[in-house]
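Hydrogens, waters and symmetry mates play no part in the numbers below; they use all other heavy atoms, side chains included. Throughout, numbering of the chain's residues begins at 1 and tracks the sequence.
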Amino acid sequence: MTAAYLYLNAVVYLLLAGWCTLAPARTATALGYTTLSRSGQTEYLTIYGGLQLGLAFLFAWLAWSQQMRTGLVLALALYLPIVLYRSFSLLRWWPVESTTLLLAATEWLMLAAALWLWWQGRAS
C-alpha cells in the first residue's frame, strides 16, 4: 500500500513537471501568475518543472528501493507545511482560481494518506 502511494506521488509530480515544462505560460496563468518577467519565467520553470521532476524521481526511487518509511517521512515533510501554508493563503486571499483549489485538494488528500499510512505502519 505504501509503495503504491509513493508511486502515485511520483506519477503526480511527473505529470505536473511535464505540464509545467511543456506549457509553462498556460500553467502559470492557470495558477494565477498573470505576468512573469524573463527571470520570473526562469524561476517558474525551474521550480515548477525541475523541482517537481526531482520529487517524482525521489518518490519513485524510494518506492522501488523499498524505503517506505523514508518515503513517508518525505511526504509528511513536504505536505504538512504545504497544507499549512496553502490553508493560510486560501483564507487570506480567497477567492482563488479553480486550479489552485484542485491542487489544494490534492495536497490535503496526499497529506491525509501519508498520515494514515504512517499510523498504519506504527500499528504493525
When rounded to the nearest 0.5 angstrom, what distance separates [atom1] in [X] from [atom2] in [Y]?
X	Y	atom1	atom2	result
Leu16	Leu55	CG	CG	10.0 Å
Leu117	Thr2	CG	OG1	4.5 Å
Thr42	Leu36	OG1	CG	9.5 Å

Under 4.5 Å between side-chain heavy atoms, counting indirect links through other Ile/Leu/Val/Met/Phe/Trp/Tyr residues: same cluster for [X] and [Y] or not?
X	Y	result
Met1	Tyr7	yes
Trp108	Leu91	no
Val12	Trp116	yes
Trp94	Leu103	yes

Do any side-chain atoms of residues 76-85 form donor-acceptor pairs under 3.5 angstrom with protein atoms, and if so which ones, sequence neighbours left out?
{"from": "Tyr79", "atom 1": "OH", "to": "Asn9", "atom 2": "OD1", "distance (Å)": "2.4"}
{"from": "Tyr79", "atom 1": "OH", "to": "Tyr13", "atom 2": "OH", "distance (Å)": "3.4"}

Scan for salt bridge (Lys or Arg N to Asp or Glu O under 4.0 Å) pairs involving [range], sequence neighbours excluded, and state none if there are none.
range	answer
residues 40-65	none
residues 6-15	none
residues 82-110	Arg86-Glu107

Quick one: list whatever passes side chain to side chain contact (heavy atoms under 4.5 Å, CB included) with [X], sequence neighbours left out.
X	answer
Ala10	Phe59, Ala60
Thr27	Trp19, Cys20, Tyr44
Leu14	Leu53, Ala56
Val73	Trp118

Do [X] and [Y] have side-chain heavy atoms sitting under 4.5 Å apart?
X	Y	result
Leu72	Leu62	no
Thr46	Leu51	no
Leu74	Leu58	yes

Besides Leu45, the hydrophobic cluster formed by Ile, Leu, Val, Met, Phe, Trp and Tyr side chains linked at under 4.5 Å, directly or via other members, contains none
Which pairs, with at least one residue in residues 47-74 and sequence neighbours excluded, count as a side chain to side chain donor-acceptor pair (under 3.5 Å)? Tyr33-Tyr48, Ser65-Gln67
Which heavy atom in Thr21 sits nearest to a heavy atom in Gly49, and how many Å separate them? OG1-CA, 3.8 Å
Where do Ala63 and Leu6 come nearest, in terms of heavy atoms and distance? CB-CB, 3.6 Å
